[in-house]
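Notes follow once the structure below has been shown.
In the text below, chain A, chain B and the rest are named by the order of the sequence lines, each starting its count at 1. Please read these numbers as outputs of a predicted model, since none were measured by experiment.
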There are 2 protein chains.
Amino acid sequence: MPKLSAKEHCLNDLRHRILMVDLEPGADLDEVSLADQYGLSRTPLREVLQRLAGKGLVVLQANRGAKVAPMDLATMRTFFQTAPLVYANIARLAAELRTSSQLDDLKAAQSAFLAGTRARDPGATALANHRFHAVIGEMAHNPYLSAALARLLIDHTRLSQTFYRPASPAEQVLVVKASDQHDAMISAIEAQEAALVTDLTLQHWDLSRDRLERFVRPDPLPVDVISLKDKRHAV
Amino acid sequence: MPKLSAKEHCLNDLRHRILMVDLEPGADLDEVSLADQYGLSRTPLREVLQRLAGKGLVVLQANRGAKVAPMDLATMRTFFQTAPLVYANIARLAAELRTSSQLDDLKAAQSAFLAGTRARDPGATALANHRFHAVIGEMAHNPYLSAALARLLIDHTRLSQTFYRPASPAEQVLVVKASDQHDAMISAIEAQEAALVTDLTLQHWDLSRDRLERFVRPDPLPVDVISLKDKRHAV
DNA sequence: GCTCGTAGTTTTGTATACAATGTGTACGCA
DNA sequence: TGCGTACACATTGTATACAAAACTACGAGC
């Protein structure tokens with residue numbers, strides 16, 4: 001069991017809280033309060049913030065402290081525009097270049113994902129999903145595209161959390177479908193079938209996008225209030 | 001005139017030296033010597049290193065200091081594989097989304113590039129070229145692809161420096177051609193002709209790749225040493 | 001003779017005190 | 001009353017001293 005230093009715990013926990021939108025996009029981060037919250041002095045805490053800034057999780061403002069990386073409308077637009085390109089290319093490279101130990105990591109991430117869904121734990125599920133796709137990024141052995149992927153995954157995970165609502169039956173079906181796609185991707189990556197993985201990845205993206213869109217643009221409220229009244233007891 | 005703090009100067013200068021391969025890939029960076037070299041204490045210097053690490057210019061090794069980001073064979077292979085994809089997509093977005101002030105920045109970078117070539121200053125030329133493509137990255141308004149682009153440009157600039165040899169006449173022709181392509185790209189971006197910019201960018205990439213390849217795989221030495229002797233005075 | 005262990009040195013990591021910068025508020029003046 | 005300035009407070013940035021970890025070299029044991 002690797003014993004984590006206070007600094008490592010701080011880094012992981014802040015990362016976790018940002019991805020879970022426990023710390024909201026744009027939120028100011030106070031050095032002193034975070035420092036004694038994690039039981040370290042400001043010096044190493046500032047290094048943690050610099051590191052998080054390097055990964056794109058926070059942004060530093062000179063003489064004005066750090067804040068959680070914001071997510072405005074423009075960001076989201078760009079996200080939807082860019083994700084399929086990067087995901088597809090990463091997936092293709094992953095199929096070609098994956099090592100067997102990375103394949104084990106991927107299967108472990110998928111196990112965690114399944115466990116999360118079974119436990120109805122949206123946070124754990126989202127985090128495992130993040131890990132799953134991050135491992136595919138590692139498989140691609142491409143530092144350039146991985147830099148883009150890492151930033152995409154940050155916003156992808158945060159968007160999922162933002163729009164998540166306690167599992168409706170329809171939602172649950174989609175999650176199961178996503179899990180099946182994960183399994184298919186694992187098989188294809190293991191068999192190194194690059195074209196197939198690319199295709200599966202794009203299907204997976206479409207599912208994810210539909211799921212996000214469903215919350216951004218929900219079904220409109222019924223215009224006819226009277227008829228709604230009649231249906232009240234039909235639920 | 002913006003007065004630079006010692007810290008900003010340190011950041012810029014280290015960046016500069018890394019891009020110019022004055023600091024070679026993989027070189028160890030000693031905190032204390034760098035600290036008094038730039039006249040600041042270790043605390044802010046470490047922050048500078050963290051920032052450079054975030055940009056991908058250096059890599060940090062826990063309890064074992066920092067070193068300049070290495071460039072091994074695998075990196076170069078990946079670079080050539082990935083560059084056209086990112087450059088082309090960035091260029092297309094830049095044409096669509098550029099602002100007029102960014103267009104001014106781009107023209108300024110091209111002026112600097114031209115000045116560098118005229119002065120036969122390979123360092124200044126490479127840096128201006130870096131800036132030129134970085135501005136196109138800014139125009140794309142896409143933080144995800146920009147992250148990939150930034151890392152590509154680091155290695156692109158370093159490769160150019162590594163393989164640069166004092167301008168042969170043939171080499172000079174290629175630089176002029178590159179400059180012309182820059183001008184064409186500026187016009188196309190100004191006119192927001194996305195398809196044209198994408199095409200020009202890929203042509204520009206081909207030129208750059210040919211130039212790099214020329215040095216990686218130069219013409220073989222003449223096998224027939226005797227006949228070479230006869231030609232000695234013909235040069 | 002080689003390996004392992006250990007002491008000393010060098011280098012990195014952390015805490016704290018202090019300086020500088022930014023921010024808010026209250027007061028004076030028009 | 002409105003605006004500007006100045007002062008006080010809060011927060012960030014820097015330096016230095018100290019602690020911990022890694023590297024080196026030397027010596028003992030097998």
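Distance CD (B/E31) to C1' (D/dT14): 15 Å, rounded to an integer number of Å. Rounded to an integer number of Å, the gap from CD of B/E47 to C1' of D/dA15 is 12 Å. Distance CG (A/L40) to C1' (D/dA19): 15 Å, rounded to an integer number of Å. Put simply, CD on A/Q50 is 15 Å from C1' on C/dG13, counting in whole angstrom units. Across the protein-nucleic acid pair, B/L11 atom CG and D/dG13 atom P stand 14 Å apart, rounded to whole Å. For the pair B/L29 CG and C/dT11 P, the computed distance is 14 Å after rounding to whole Å. Between A/D36 atom CG and C/dT16 atom P there is a gap of 11 Å when expressed in whole angstrom units. The interatomic distance linking B/Q61 (CD) with C/dT12 (P) rounds to 10 Å, in whole Å.
Comparing A/T43 and A/A66 along DNA chain D, the residue whose closest nucleotide (by nearest heavy atom) sits nearer the 5' end is A/A66. Residue order along DNA chain C, read from the 5' end via each residue's closest nucleotide, puts B/R64 first among B/R64 and A/P44.
Atoms CZ and OG1, on B/R15 and B/T157 in that order, are 8.5 Å from each other to the nearest 0.5 Å. Between the OG atom of A/S179 and the CZ atom of A/R118 there is a distance of 7.5 Å, given to the nearest 0.5 Å.
Listed pair A/K7 / C/dT14 meets the phosphate criterion, a side-chain N or O lying under 4.0 Å from OP1 or OP2. Between D/dA15 and B/S41, a contact under 4.0 Å exists linking OP1 or OP2 to a side-chain N or O.
By the 30° and 60° cut-offs, the orientation of the rings of B/H156 relative to B/Y87 is parallel.
Among the nucleotides C/dG22, C/dA17, C/dG13, the one closest to the side chain of A/R42 is C/dA17. The side chain of B/N63 lies closest to D/dA22, out of D/dG13, D/dT11, D/dA22.
Of the candidates A/D155, A/T75, A/T82, A/D155 is the only one forming a side chain to side chain donor-acceptor pair (under 3.5 Å) with B/Y144.
With hydrogens and angles left out, the side-chain atoms of A/H182 and A/N129 include a donor and acceptor closer than 3.5 Å.
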